[in-house]
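Quick notes on the structure that follows.
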Amino acid sequence: MQNVEAPTEKVHHFPCPSCGADLLYEPRDGFLTCPYCGHKEAIPQSAAEVVERSFEQYLRVRPEQMGQLASGALEVQCQSCGAKSLFMPPEVAGRCEFCGVQIVAQPKSADPIVAPEGLLPFALAQPDVAVKLREWLSSRWFAPNGLKHFAEPEAIHGIYLPFWTYDTNTATYYTGQRGDYYYVTETYYEKDQQGNQVQRTRQVRHTRWSSASGNVSRWFDDVLIPGTVSLSSDRLRALEPWDLSELKPYNPAFLSGFKAHRYQVDLGQGFEHVKVIIAGQIESDVREDIGGDVQTIDELSTHYSGITFKHLLLPVYAGAYRFNNKVYQIVINARTGEIQGDRPYSVLKILLLIVFVLLAILILILVFDKK
Ligand SMILES: [Zn+2]
Ligand SMILES: [Zn+2]
């Protein structure tokens, strides 16, 4: 087992100059902060911009040209959902945030990845989010009592999720049919109220079809594609919007005290998702170009060029809880505080409410009957 090397020495990435403990990123003020002595240190402002990379070049990238999230980063895979967590000591593998199982595999040195270009730092601190989560839970009337687990302070953890964004030029050739409406006056007969046959007219719509062909082009900017498959795309979409204008150039200091997930959707697969997402816009461009009142599209072929991408990390708090053989997931946008989670209903609580309402009605009937 040569490729599985358990780390032996403890690596300090951002040692506190006063006490030697690890400085952690504090979302409340954006400083690296010592949890023991309170020492604070600013993360150096980077003059670098979050740049876009050429897609074609990176598709042929070799592992030795790839990077690391941080030197000494560790990686461990969840045996249940397959998500790969990347973290820096003193973080530990712990529980999978998406499916709630305890991760038993030994962490190994992280394999190289396409290094992130930028990230949105955590803006909300774990204790503040935990308070919001407790409020959210108490507003879930029919939630089973087991979900109270999420009210525990350590129920959620901060993780950076991997995303890709792509820019691309598109040039689309199409052939199709253009339909224009025209109206014809038709004569018909009917009986009036006196039963006499009368002649009337009406307008009837027809469509004149003619063949159409042409080219449309459009530039797509920053199409966001999740790099994770451990969360459903619906759940991820519900966490939007992300304030991507606030992106910071990647710096491992932002990860201190958090985990990151390795992308499971690779660069090439991500672009296939882009094609699906932008197809609707291209189709409506084609319909507009054909014109007329109705259109049919017979053939459509799109050429993509000048493709660039960014690998981004976006911050969430997440936790999962297993209860009655089901997994309940909670994910929170760590920029906006938007909470997305399973809203299970307790059958028992609903039945109790129904019984209560029926009893109340019965009592009312009895009371009014006596009068
Ligand atoms: Zn310290
Ligand atoms: Zn998992």
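This is a predicted model, so every value here is computed, not measured. Atoms within a ligand are numbered from 1 in the order they appear, just like the ligands themselves. By convention here, the first residue in the shown sequence is residue 1.
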Heteroatoms of the protein, restricted to N/O/S, which lie under 2.8 Å from the Zn ion (ligand 1):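 C16 SG, C19 SG, C34 SG, C37 SG, with waters left out.
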
State yes or no: do V265 and F271 share one hydrophobic cluster built from I, L, V, M, F, W and Y residues joined by side-chain heavy-atom distances below 4.5 Å, directly or via other members?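 No; F271 is not reachable from V265 via cluster members.
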
More than 12 heavy atoms of other residues, nucleotides or ligands under 6.0 Å from NZ of K275: is that the case?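 Yes, enclosed.
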
Would you compute the distance between atom CE of M88 and atom CG of L255 and round it to the nearest 0.5 angstrom?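 Reported value, rounded in 0.5 Å steps: 5.0 Å.
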
With respect to H261, which candidate in Y160, F163, F98 satisfies the ring pair (Phe, Tyr, Trp, His ring centres under 6.0 Å) definition?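 Per the ring pair (Phe, Tyr, Trp, His ring centres under 6.0 Å) rule, the option paired with H261 is F98, out of Y160, F163, F98.
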
Can you tell me, to 10 degrees, how wide the angle at the Zn ion (ligand 2) is between SG on C81 and SG on C99?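 An angle of 120° at the metal.
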
Can you tell me, to 10 degrees, how wide the angle at the Zn ion (ligand 2) is between SG on C78 and SG on C96?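 Between SG of C78 and SG of C96, the angle at the Zn ion (ligand 2) is about 110°.
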
Before accepting this row, confirm whether a basic side-chain N of the pair [X]/[Y] lies closer than 4.0 Å to the acidic partner's carboxylate O.
{"X": "K259", "Y": "E97", "value": "yes"}
{"X": "R178", "Y": "D293", "value": "no"}
{"X": "K310", "Y": "D167", "value": "no"}

